[in-house]
Structures are given as structure tokens and as C-alpha cells.
J.: 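Dropping the structure in here first, questions after.
Residue numbers begin at 1 in each chain, while the letters A, B, ... track the order of the sequences. This one's a predicted model, so the numbers in the text were calculated from it and none came from an experiment.
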Amino acid sequence: MAFGKGDHLHLIDGSTFIFRAYHALPPLTRKSDGLPIGAVAGFCNMLLRYIEGNNGGTAATHLAVIFDHAGKTFRSDLYPEYKANRPPLPEDLRPQFPLTREATRAFNIACVETEGFEADDIIATLTKEAVAAGGDVTIISSDKDLMQLVGPQVQMWDAMKDRRIGPNEVVEKFGVGPERVIDVQSLAGDSVDNIPGAPGIGVKTAALLINEYGDLETLLARAAEIKQPKRRETLLTKADQIRLSRELVTLRLDTPLDTTLEDFIIRTPEPEVILGFLGEMEFRTLTRRLAEKMGVEAPVIAAAPASAPAVGEAPAPTPPEALPFEAENYACVQDIEALNAWIARIYEQGYVAVDTETTSLDEMRAELVGISLAVAANDACYIPLNHREGTDDLFGTAKRVEGQLDPALALEALKPMLEDMSILKIGQNIKYDAKIFAMQGVTLTNIDDTMLMSYALNAGKHNHGMDVLSEEYLAHKPIPIKTLLGTGKSARTFDTVAIEDATKYAGEDADITLRLWQLLRPRLHQERVTTVYETLERPLSPVLAQMEMHGIQVDRDTLSRMSNAFAQKMAALEAEIHELAGQEFNVGSPKQLGEILFDKMGLTGGKKGKTGAYSTGADVLEDLATEHELPGRVLDWRQLSKLKSTYTDALQDHINPDTGRVHTSYVQTGANTGRLASTDPNLQNIPIRTEEGRRIREAFVAGEGKTLVSLDYSQIELRILAHVANLPAMKQAFHDGQDIHAMTASEMFNVPMEEMTPEIRRSAKAINFGVIYGISGFGLARNLRIPRSEAQAFIDTYFERFPGIKTWMDETVAYAKEHKYVETLFGRRIHTPEIAAKGPAAGFAKRGAINAPIQGTAADVIRRAMIRMPEAITDLPAKMLLQVHDELVFEVESSAVEETIARVKEVMENAAMPIVALDVPLIVEAGTGKNWAEAH
DNA sequence: TGTTTCACG
DNA sequence: GACGTACGTGAAACAC
């Protein structure tokens with residue numbers, strides 16, 4: 001295809017990139033052989049940033065990087081002094097030039113240079129060609145010499161300053177439009193390039209003259225008319241010099257080239273090639289970043305020096321030494337000199353394990369008691385800040401323990417290090433510590449989290465708390481916190497722990513964290529889950545921290561009124577139940593209820609399980625409701641009891657007195673599939689399915705002048721199923737925007753869509769969900785309350801009509817059996833150690849293996865959306881507050897609701913891209929209101 | 001501390 | 001052939 005109208009050529013001025021990179025970065029050298037590579041690193045970084053969208057807001061169809069050729073150019077022949085007073089090339093830059101060419105080619109970008117010409121001439125020639133062909137051009141450079149090329153089809157883009165250069169910017173710079181830039185430059189000359197111009201005339205005067213006379217030739221011809229004697233004299237006597245200058249500054253439009261515009265068509269980089277090159281250069285961060293971008297595993301690169309990691313580079317952990325723990329080795333930091341010495345050591349090393357000790361697990365109410373740091377095994381310290389004497393006086397003001405650093409002073413000293421992007425802060429569940437620090441005005445940046453590493457590595461194998469990890473990986477049982485604080489009613493808070501004990505405990509926590517990091521970091525690579533950790537875990541942690549700290553406003557009065565109403569209704573029901581039972585008993589006790597129902601009243605039903613107690617679950621009571629009035633009343637009572645105790649009562653206790661809001665905690669490692677869990681309180685199970693329960697959502701409100709906006713994925717798990725199991729009929733239905741359950745029903749029962757009844761649709765819906773859960777005849781039968789044989793017949797029909805399902809399920813189970821794990825589309829691994837089990841456990845493991853890739857992929861999708869969200873809405877008065885698996889809730893200034901919805905939708909619907917291109921569209925639906933009931 | 005129940009996706 | 005069973009969570013109350 002010939003280059004032409006509609007095409008857009010981007011020309012990157014390679015020299016600008018190289019010099020900028022060289023001067024912007026410290027003189028980095030390759031670890032293995034000392035080769036200077038700072039400019040190459042910066043160059044690659046800039047190319048990557050360009051690829052990531054720092055391109056002037058215009059997408060290129062064609063792209064090339066243009067370089068200056070080494071050696072003399074035709075300009076030196078014209079004027080030997082041309083560029084003669086340039087400073088010599090730095091020694092360590094010269095060997096990097098060929099490497100930048102190699103880098104460009106490794107990115108699969110065309111690379112152009114021509115002997116005897118400058119990059120600017122090539123750019124000019126290519127620009128002319130592209131314009132003649134009817135295309136558009138963006139020149140990525142800030143070089144003023146290129147401004148003469150700007151025109152209706154040609155713009156420049158200053159990538160460093162993120163600034164477009166069009167005709168207006170040219171006028172700003174030269175006082176004339178692009179077409180007269182050459183004339184002005186010819187007069188004004190250029191000291192950097194050593195172009196003589198007209199002595200005594202600068203850009204200002206030159207522009208003045210050109211604007212007055214129209215162009216350079218006219219000016220020179222009519223120079224005698226100029227009033228100012230000096231200017232007149234100069235123009236008359238230096239006309240030759242000015243014309244020479246014009247030749248020097250005029251870019252050549254006829255540079256010989258052995259490539260054509262078509263050669264510059266955009267090409268995707270080959271992962272092996274570009275990652276190979278970056279690996280060879282030993283650019284670890286860049287390799288990782290690009291590998292993530294391309295959705296492939298980064299190759300392992302030799303360890304970087306532990307002493308001086310490059311900016312933004314996560315240093316490679318040194319191999320762990322199986323040293324026994326020596327708690328008595330931990331230092332207690334009690335003066336500023338000692339603290340500063342630790343900070344200096346951390347700067348030297350480039351990374352540190354951090355842990356905070358506080359008075360509460362609720363970060364929003366916790367007070368900072370102390371901080372521990374570890375730089376190596378057995379090399380840790382504890383900084384006590386707010387330890388108090390154990391005994392409160394009558395006013396609750398216990399005395400501060402002597403010999404502690406002033407907290408403000410200590411934090412002031414630590415803050416620069418904690419906020420320094422070049423120092424890696426390692427934590428175990430570091431979201432907690434980040435929030436504690438945030439309350440102190442310190443923003444923890446550049447973090448690693450051993451808990452999240454374990455989650456990426458081991459989801460499904462074991463939990464990821466420090467105790468488990470320490471025993472699993474370090475064969476060391478940490479000091480139980482119980483031994484310091486006690487349990488139950490007599491439990492103390494950490495601030496009353498003796499500093500000596502606290503030092504051992506806190507020092508150990510930091511020590512363990514550091515050792516875990518040393519072990520787990522390299523395993524991410526070995527187990528091929530670096531991408532999961534880097535793209536789905538590490539960046540989510542700060543996003544969650546922000547959401548949790550914002551919290552959501554909850555109206556206490558609304559809840560309180562509901563509680564009272566529920567209490568009254570419950571009392572009435574209770575009396576009725578006792579009446580029906582003929583005796584008083586604890587309605588909330590399943591055991592007592594079972595005895596009343598089955599022993600006393602003789603209703604039919606069975607015992608259950610190891611405890612031998614009657615089962616009185618909702619399904620059982622619903623069946624019994626046809627025989628007797630009592631079970632129905634109990635169901636009503638239970639519903640109210642649940643709503644009151646779990647929601648209307650408990651939520652009030654969770655309203656933070658300072659903020660008036662409820663701050664949940666998301667557990668990133670809570671669900672093996674990649675889903676989040678929400679605790680203290682759980683805001684992911686606020687009622688909605690019954691009208692009475694749904695009203696609890698009315699208590700979740702937007703602030704003054706704000707609106708709650710809820711956006712949720714429509715049928716995301718079924719869409720993912722359609723994609724992974726490759727179900728053409730279902731994919732088509734999603735493309736057509738059909739009612740998916742009705743479509744399934746129509747397909748299964750041969751009922752035309754127009755004749756669909758709610759009853760048939762309901763069955764199909766149950767089967768659709770059943771499939772996601774690893775369908776079984778028994779389960780479906782119970783759910784639909786139909787005979788098992790009938791349920792099995794449904795399933796058989798389903799598998800017949802959607803043949804991809806069975807194949808996919810079998811393949812998935814086989815994969816799990818072979819690998820002992822399954823994967824989401826994004827590479828998240830969920831281990832299935834039980835898959836080989838015999839007996840009932842086998843069924844569980846099978847269904848889990850089938851469900852995990854679907855639920856997990858959906859979880860990955862919304863995670864990706866959440867990670868991108870802060871930047872997408874950064875300029876809007878909108879805050880992301882809650883996540884409920886397939887729903888995100890925002891609080892937005894009412895005037896910005898529409899814009900927010902548009903932006904959020906965009907991010908959510910495209911969240912799988914570019915790593916995964918689903919065969920079905922992801923659709924997001926939005927709702928708004930003053931409260932969550934209205935918004936959902 | 002373990003079990004049962006039930007709220008959500 | 002029997003086992004038992006829909007997937008993933010958290011919180012509250014009861015029972016021991």
C-alpha cells in the first residue's frame with residue numbers, strides 16, 4: 001500500500017533523544033563489563049514512552065527514527081567553520097551511538113541516516129515526500145531548525161515538554177510564520193551551529209525586517225532604503241555572508257535515501273528481539289515494563305549491583321542465607337544520630353524492609369507506636385516513638401516512656417527516604433503500613449510486598465500471612481503477637497509493650513519480611529508470574545489504600561431508624577413463633593429450632609452432618625412452609641435478624657467518628673481466584689436481593705453537592721465463558737446485545753424468542769450460572785427444585801447445543817491435573833492441589849478448577865480497570881470508593897457525573913486490552929443517585 | 001474455637 | 001458403585 005492521504009508519518013529526531021537522554025541520566029554503565037549505557041537506557045525509555053502514547057496525541061501509521069550520520073556533511077564543504085565551536089563529544093557517549101541504532105531496530109522501528117547529510121535534511125526530505133503524497137507528518141523534536149517545515153500537514157511535537165509546535169508556536173519563536181523562518185535564521189545566524197548571519201541582527205530585528213519587506217531577497221534588494229544606518233550598512237556589505245547562511249540553514253529536500261515512505265509502516269516489536277536487546281543491555285526495569293506491556297515473561301537478567309541500583313530499578317535480592325534469627329542483634333534506635341546512620345545505610349543499599357507497630361488494626365484509628373527497618377538478615381532496628389507506661393492514670397493519660405525519639409523529628413528524618421522513588425520499600429501487607437504513614441503525612445512510594453508475591457506464586461496452596469510464609473520459607477516460627485499483647489478482654493495495645501520486647505518482635509517482623517523478599521523476588525521470574533505480580537498486584541495496592549482512606553459516607557440516623565423498625569417487627573414475630581410452637585425458645589438457635597420442628601411438632605426432615613443437629617437452613621424451612629405456618633415466620637424473623645445484627649447495627653459501629661464515613665479494608669489476597677475480599681466491615685455483601693434489605697443501601701450516601709455513581713459489568717463471567725470455551729452462538733448473542741438467558745433458553749428448549757416465558761428463561765439462567773460453577777445434575781436439581789433426572793437432561797441438552805462447553809471443561813480439568821494449577825487469561829495462577837484427590841474432594845477440586853479461570857479472569861479485568869482509574873479521572877472531581885466484584889462505586893461532584901461516567905466506562909470496557917482481546921464486547925452499565933440504592 | 005446460617009457477586 | 005455436591009467470599013450468633 002502506497003503512503004498517501006489518511007496516513008500519518010511520525011519522524012523521531014534521534015539525535016535530540018540521544019542528547020536529552022545522555023544529559024538527563026547519571027553516567028550508568030553495564031554491570032557486567034562497564035560499557036557506558038546511560039544514553040541508551042534513556043533513549044529506550046523515551047521510545048517506550050512514545051509507544052505508550054507520548055506522541056503528540058496523534059497515532060502514526062508510519063514511523064521512523066532519523067539519525068545524524070557520523071563525519072562531515074555538505075555544510076562543512078560550504079563553510080568549514082560550520083558547527084566548529086561545538087564542544088567535543090563526551091568520551092562515554094560516542095560508543096553509545098551505534099547502540100541507539102540497534103535499539104531502534106530492536107523496537108522494530110525503521111532507522112534512517114545518510115552519509116554527508118544531517119538528520120534534519122532527511123527529515124525535511126521525507127516530510128516533503130509525505131506531504132506531496134497527501135499525508136500528515138509529525139516531527140518529534142524540539143529543534144528550532146526544523147520549524148521551517150511546519151505547515152498545514154506538518155506539526156512538531158516536543159516530547160520532553162509534552163508540547164505541540166504548530167504555526168503559532170513558530171511565530172512565537174521567530175516572529176514570522178514557518179515559511180519565513182529560513183529568512184530570519186539567515187539574518188540572525190546561530191552561535192551554536194556557528195552560522196554567521198548578519199552581525200548585530202538578532203531574531204527580533206530579523207523578524208521586524210522580514211515582516212516589513214516580505215522576504216529575504218526583497219530585503220536584500222531594497223537594503224538601501226533602510227533608515228537605520230548600521231543595519232543598512234550590514235545588509236549591504238554582508239549580503240554574501242547572509243546568502244551563505246541561508247544555504248546553511250535551509251534544509252535539503254533532496255537528500256538521497258535508499259528507503260521509501262512505505263518502508264516506515266508501523267510494525268509491532270518482536271518480543272524476543274526487543275527483550276533480548278534490553279536484556280543484553282541489562283536494563284531490568286525496562287525489560288520488565290515492556291514484558292508486561294507485551295504480556296510475556298521478562299527474561300531473567302543478571303543481578304544488578306546491590307550497592308548502587310539505577311533510578312527506578314528494583315535491585316536484585318542477594319541470595320538468602322539460612323541464618324538463624326538473632327533477636328538480640330536488633331538495634332533499638334533512640335537518638336537522631338543513630339537514625340540518620342540507618343537512613344544512610346538504606347540509601348547506600350537502595351532497599352529496605354519496613355514495618356510499623358500501632359495501637360489498632362484499623363489504620364484510620366491506629367496510632368503509630370514504632371517503626372522497624374531491616375537491611376539484611378539479622379540486621380534490623382526498631383525505632384520506638386510512642387510507647388507509654390502501662391498504667392493509665394485516672395484521666396487516661398499514661399506517661400510517655402523516656403528515651404524515645406520525638407515522633408515528628410523521626411518522621412521528618414525518615415520521610416525523604418520513604419518517599420524517595422529510588423529506594424525500594426519492602427513490606428508484608430504494605431498497604432497497612434502505607435496507610436499508617438499516610439496518616440502521618442508520609443507517602444510511601446516504590447513498594448514491594450511479600451504477601452502479594454506469595455499470592456501471585458501460591459494462590460490456592462496456602463495463605464499468605466507472615467506466620468505461614470515464615471514457617472514455609474524460612475522454617476522459623478515468629479514470635480506470636482499474643483505473647484506481647486495477650487488475648488481477649490485483657491489484651492493490651494502495642495504502645496504499652498516494653499521497648500525491649502517490642503524491639504525483638506518488631507525487628508523480627510522486618511527481618512522476616514526482608515528474608516522473604518530475598519527468596520520470593522527471584523521466584524516470580526522462575527515461576528513465570530512476574531507479569532501477574534507487576535501488573536495485577538503491585539500497582540493495585542496503592543489504589544486500594546486510597547479507596548479505603550476515602551471511605552463512603554453512611555447516614556447513622558437512617559440505619560438507626562431501620563434498626564428500631566426491625567426490632568419491633570422481630571419482637572412481634574417472636575411472640576407469634578412462640579405461640580405457634582406452644583413454648584418459648586431461642587429463635588436464633590438452629591439447634592433449639594430443629595428440636596421444636598422435628599421432635600416436638602413431628603414435621604418431616606432429616607438430620608445432618610457430624611454434629612447430628614437438624615438442618616434448618618432457608619431451603620429446608622421453605623419446604624416446610626407448605627406444611628406449617630411456623631417455618632415461614634422463622635424465615636421472616638431470620639431475615640430481619642440478619643439485617644439488623646449484620647447491617648443496621650454493625651454498620652453504625654463502623655462509622656469513623658473523625659470522617660463520618662465507613663472505611664472498609666480490602667484483602668487483596670483474600671480470594672484464591674483474584675477477587676478481592678472486603679472486611680471490617682464487608683461492604684461487598686450489602687443486601688440488594690430483597691426490598692427490605694435493599695433499603696439499607698439508602699444509608700450509603702453521597703456528600704453535599706455530590707452524587708454516587710455505580711458502574712457494573714453486564715454478565716462479565718458469561719462473556720468470558722463464551723470467549724474461553726469458544727461458543728459461537730453465545731458470542732453472537734453478546735455481539736447482538738441479546739438477552740443471553742432468553743437466548744440460551746430459546747436454543748435449549750426450541751422456543752422462539754418471542755414466545756419466551758419467564759419460567760423457561762429462569763431455568764436457562766440457572767443453567768448458565770451452573771456452568772460457571774462446574775455444573776452437576778444434583779446441584780442444578782436442588783437449585784431449580786426439579787427431579788435430578790430432569791436436571792441432568794437439561795445439562796445434556798445444554799452440552800449438545802453448546803458443544804464447546806464440554807470440551808473446554810474437560811480440557812481445563814485435564815490441564816489442572818497435569819499442572820496442578822489453572823490460569824486466567826492474564827496468566828494468574830490458581831493452584832489446585834486437590835485435583836488428584838479421590839472421593840468427594842475430587843468433585844470440589846474439579847468444579848473449582850472450572851470456575852477459577854472464569855471468575856479469576858473477570859477479577860483480573862476489573863483489577864486492570866481499577867489500576868488505570870486514578871489516572872483516567874485525575875482531573876475530575878471524582879473518587880473511586882468501592883469495588884463489589886463486577887461493580888465500581890464513585891462519589892462525584894454532581895456537575896461532573898456525565899463526564900465521569902464516560903471516562904470510567906471507557907476504562908472498564910477496554911480493561912482487558914491490549915493484553916487480551918476478548919471475542920465479545922464488555923458492556924458496562926451506569927446508575928446514579930444520592931444514595932447507593934438509587935445508583936445501583 | 002468450630003458450626004450454622006445468610007448477606008453479596 | 002458410593003461418596004457428596006453447584007463457585008467465591010465475611011460476619012454474626014450459637015454451642016461447646
Side-chain angles (χ1 to χ4, degrees), chain A residues 459-460 487-488 585-594 608-621 634-635 637-651 653-654 664-667 669-690 692-694 696-697 712-718 721 766-784 788 791 795 822 830 837-856 858-859 862 882-887 936:
Chain A
T487 56
F585 70 100
N586 184 351
V587 183
S589 161
K591 186 167 175 269
Q592 292 179 36
L593 176 66
K608 204 190 171 186
K610 333 147 206 192
T611 56
Y614 290 114
S615 173
T616 66
D619 48 348
V620 175
L621 295 187
V634 173
L635 282 170
W637 183 92
R638 277 203 186 150
Q639 193 200 352
L640 296 175
S641 165
K642 179 79 173 182
L643 295 177
K644 182 171 186 291
S645 68
T646 310
Y647 300 104
T648 55
D649 287 351
L651 273 174
D653 299 335
H654 281 286
T664 185
S665 282
Y666 289 103
V667 188
T669 58
N672 291 335
T673 52
R675 273 195 181 178
L676 302 177
S678 162
T679 66
D680 307 301
N682 180 357
L683 295 186
Q684 290 182 323
N685 71 346
I686 303 301
I688 192 165
R689 290 174 187 171
T690 66
E692 256 174 329
R694 185 189 170 87
I696 290 171
R697 294 186 174 223
D712 68 298
Y713 285 107
S714 162
Q715 308 288 8
I716 186 166
E717 292 191 354
L718 270 181
L721 173 71
I767 301 171
N768 275 335
F769 279 110
V771 167
I772 292 172
Y773 298 151
I775 199 158
S776 77
F778 181 93
L780 183 65
R782 203 177 62 167
N783 189 285
L784 283 177
R788 198 171 156 179
I795 294 169
V822 290
I830 299 104
K838 298 272 177 243
F844 280 109
K846 250 178 163 170
R847 292 191 294 270
I850 289 166
N851 174 257
I854 302 172
Q855 186 180 116
I862 197 166
L882 304 177
Q883 189 250 41
V884 193
H885 309 309
D886 63 357
E887 173 189 11
H936 187 84

J.: Just checking Ser776(A): base, sugar-phosphate only, or nothing, at a heavy-atom cut-off of under 4.0 Å?
T.: base

J.: Base, sugar-phosphate alone, or nothing: which one does Ala852(A) contact when heavy atoms must sit under 4.0 Å apart?
T.: nothing

J.: Atom CD1 of Ile716(A) to atom C1' of dC7(C): distance rounded to whole Å?
T.: 16 Å

J.: Using a cut-off of 4.0 Å on non-hydrogen atoms, how would the nucleic acid contact of Arg788(A) be classed: base, sugar-phosphate, or nothing?
T.: base

J.: Do Thr664(A) side-chain atoms and Asn682(A) backbone N/O form a donor-acceptor pair below 3.5 Å?
T.: no

J.: Side chain of Arg847(A), base of dG8(C): donor and acceptor closer than 3.5 Å?
T.: no

J.: Classify the nucleic acid contact of Ser615(A) as base, sugar-phosphate or nothing, counting any heavy atom under 4.0 Å across all strands shown.
T.: sugar-phosphate

J.: Using a 4.0 Å heavy-atom cut-off across all strands, classify Lys642(A) as base, sugar-phosphate, or nothing.
T.: base

J.: Select base, sugar-phosphate, or nothing to describe what Gly588(A) touches, counting heavy atoms under 4.0 Å on all strands.
T.: sugar-phosphate

J.: Closest to the Pro590(A) side chain: dA12(C), dA6(C), dT4(B)?
T.: dT4(B)

J.: Taking pairing as Watson-Crick or G-U wobble with both contacts under 3.5 Å, can you name the mate of dC8(B), or confirm there isn't one?
T.: dG8(C)

J.: Please classify the nucleic acid contact of Arg689(A) as base, sugar-phosphate, or nothing, using heavy-atom distances under 4.0 Å.
T.: base

J.: Applying a 4.0 Å non-hydrogen cut-off, can you work out what Gln639(A) is touching in the nucleic acid: base, sugar-phosphate, or nothing?
T.: sugar-phosphate

J.: Does Asn685(A) reach a base, just sugar-phosphate, or nothing at all? Heavy atoms under 4.0 Å.
T.: base

J.: Is the side chain of Ser641(A) donor-acceptor paired with the backbone N or O of Trp637(A) at a distance under 3.5 Å, no angle test?
T.: no

J.: Are the side chain of Arg675(A) and the backbone N or O of His885(A) linked by a donor-acceptor pair below 3.5 Å?
T.: no

J.: Using a heavy-atom cut-off of under 4.0 Å over every strand shown, decide if Gly770(A) touches base, sugar-phosphate, or nothing.
T.: base

J.: Under 4.0 Å, heavy atoms only, any strand: does Ile688(A) hit a base, just the sugar-phosphate, or nothing?
T.: sugar-phosphate

J.: Between dG9(B) atom C1' and Asn672(A) atom CG, what is the distance in whole Å?
T.: 16 Å

J.: Would you mind classifying the nucleic acid contact of Ile772(A) as base, sugar-phosphate or nothing, using non-hydrogen atoms under 4.0 angstrom?
T.: nothing

J.: Look at the side chain of Arg638(A) and the base of dT4(B), then say whether one donor and one acceptor between them are separated by less than 3.5 Å.
T.: no

J.: Under 4.0 Å, counting only non-hydrogen atoms across every strand here, what does Phe769(A) touch: a base, just sugar-phosphate, or nothing?
T.: nothing

J.: Check the distance between dA12(C)'s P and Asn586(A)'s CG and give it to me in whole angstrom.
T.: 17 Å

J.: Could you check which of dG9(B), dA15(C), dA6(C) has an atom nearest any side-chain atom of Gln855(A)?
T.: dG9(B)

J.: Considering heavy-atom distances to DNA chain C, does Asn851(A) or Val667(A) have its closest nucleotide positioned more toward the 5' end?
T.: Asn851(A)

J.: So what does Ala766(A) touch, heavy atoms closer than 4.0 Å: a base, only the sugar-phosphate, or nothing?
T.: base

